[in-house]
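Only one structure is covered here, and it is reproduced in the block below.
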Amino acid sequence: MKTAAMSSVEETVNEFIRRVVAGDLDSAVELVADDVEYDNVPMGKNIGPEAMKGFLSAMTGFDEVQFVTHRQTATGNVVMNERTDRFRSGEKWIDLPVAGIFEVDAAGKDLAVARLLRHGTFTTQAAALSAG
């Protein structure tokens, strides 16, 4: 649920991202609607907080996670950002260009939709990371 300190849709999205990056997935999914649609293109949709948390839990296996936001804009209840999501394993990093689209429900309380477009780079970089 949205707290009193979060007064804008951007603050809601930023707080969600902060919690995900911190690995606090239980707290992150408190900000999403019961019917959240988390579509991580091209990996497929996850419906509901538990499915979303299950998908995001793969990030907890990395030594460090960073979401670097380059640009962000909000119109009405939609927030869009251009980011680089970074995942460190040992001394190596995977850098993923991401376009995030977040929609906050009409009451302005809960994240309703999140779509991340990963430009197909994760698989290639993950293979290189595991190859040594």
Side-chain angles (χ1 to χ4, degrees):
M1 282 184 244
K2 183 177 169 183
T3 65
M6 286 185 273
S7 59
S8 77
V9 294
E10 277 190 277
E11 288 170 335
T12 300
V13 169
N14 292 342
E15 180 63 15
F16 171 77
I17 289 172
R18 186 194 68 73
R19 293 177 187 189
V20 168
V21 169
D24 188 0
L25 302 182
D26 288 327
S27 177
V29 298
E30 289 176 359
L31 297 174
V32 305
D34 290 339
D35 61 348
V36 64
E37 177 183 305
Y38 183 76
D39 191 1
N40 201 322
V41 178
M43 297 177 204
K45 293 181 182 180
N46 295 274
I47 308 297
E50 290 305 311
M52 180 184 216
K53 186 169 70 171
F55 181 85
L56 293 172
S57 68
M59 288 191 289
T60 62
F62 288 93
D63 297 323
E64 184 177 355
V65 175
Q66 300 174 352
F67 286 9
V68 181
T69 301
H70 307 292
R71 292 172 191 81
Q72 182 164 291
T73 188
T75 302
N77 67 331
V78 176
V79 177
M80 297 186 305
N81 58 36
E82 175 189 2
R83 304 191 314 265
T84 301
D85 291 1
R86 306 188 74 221
F87 304 91
R88 183 176 62 81
S89 180
E91 298 300 316
K92 296 181 181 180
W93 285 90
I94 295 174
D95 291 333
L96 301 175
V98 173
I101 304 169
F102 301 87
E103 184 177 340
V104 178
D105 71 4
K109 293 183 179 178
D110 297 317
L111 193 64
V113 178
R115 293 185 181 106
L116 306 179
L117 310 173
R118 292 224 165 152
H119 305 289
T121 58
F122 180 79
T123 306
T124 302
Q125 290 190 44
L129 183 70
S130 64

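All figures in this text were calculated on a predicted structure; none of them were measured in a lab.
- In terms of the side-chain hydrogen bond (donor to acceptor under 3.5 Å, both in side chains) criterion, residue partners of Gln72 (sequence neighbours excluded) are, by chain and number, Glu10, Asn14, Asn81.
- Contact check for Val32 versus Tyr38: no side-chain heavy atoms found under the 4.5 Å cut-off.
- By the side-chain contact (heavy atoms from CB on, under 4.5 Å) test, Glu64 is found to be paired with Gln66, Arg88, Trp93, residues two or more places apart in sequence or in another chain being considered.
- Pairs of residues two or more places apart, or lying in two chains, that qualify as salt bridge (Lys or Arg N to Asp or Glu O under 4.0 Å) and include a residue from residues 46-55 are Asp26-Lys53, Glu50-Lys53.
- The closest donor-acceptor contact from the side chain of Asp24 to the backbone of Arg19 lies at 3.5 Å or more, if one exists at all.
- Residues Phe102 and Thr12 form no side-chain contact, since every pair of their non-hydrogen atoms from C-beta on lies 4.5 Å or further apart.
- Note that CZ of Arg83 is 14.0 Å distant from CZ of Arg71, once rounded to the nearest 0.5 Å.
- In plain terms, the two heavy atoms of Thr60 and Leu25 that are nearest each other are CG2-CD1, 4.2 Å.
- Of the possible donor and acceptor atoms, one in the side chain of Ser8 sits under 3.5 Å from a partner among the backbone N and O of Glu11.
- Remark: Thr84 engages His70 in a side-chain hydrogen bond (donor to acceptor under 3.5 Å, both in side chains) (not counting sequence neighbours).
- Closest approach of Ala74 and Val79 over heavy atoms only: CB-CG2, 4.0 Å.
- Using a 4.5 Å heavy-atom cutoff, the side chains of Ser89 and Lys92 are not in contact.
- Closest heavy-atom contact between Pro49 and Asp34: CD-O, 3.3 Å.
- With sequence neighbours excluded, the residues that form a side-chain contact (heavy atoms from CB on, under 4.5 Å) with Ala51 are Asn46.
- Here the closest non-hydrogen pair linking Ile47 and Asp35 is CG2-O, 4.5 Å.
- Ile101 CD1 to Asp39 CG: the interatomic distance, rounded to the nearest 0.5 Å, is 9.5 Å.
- The CZ atom of Phe67 lies 9.0 Å from the OG1 atom of Thr69; values are rounded to the nearest 0.5 Å.
- The line from CD of Glu82 to OG1 of Thr73 is 12.0 Å long, rounded to the nearest 0.5 Å.
- Between the Asn77 side chain and the Glu103 main chain, no donor and acceptor come within less than 3.5 Å of each other.
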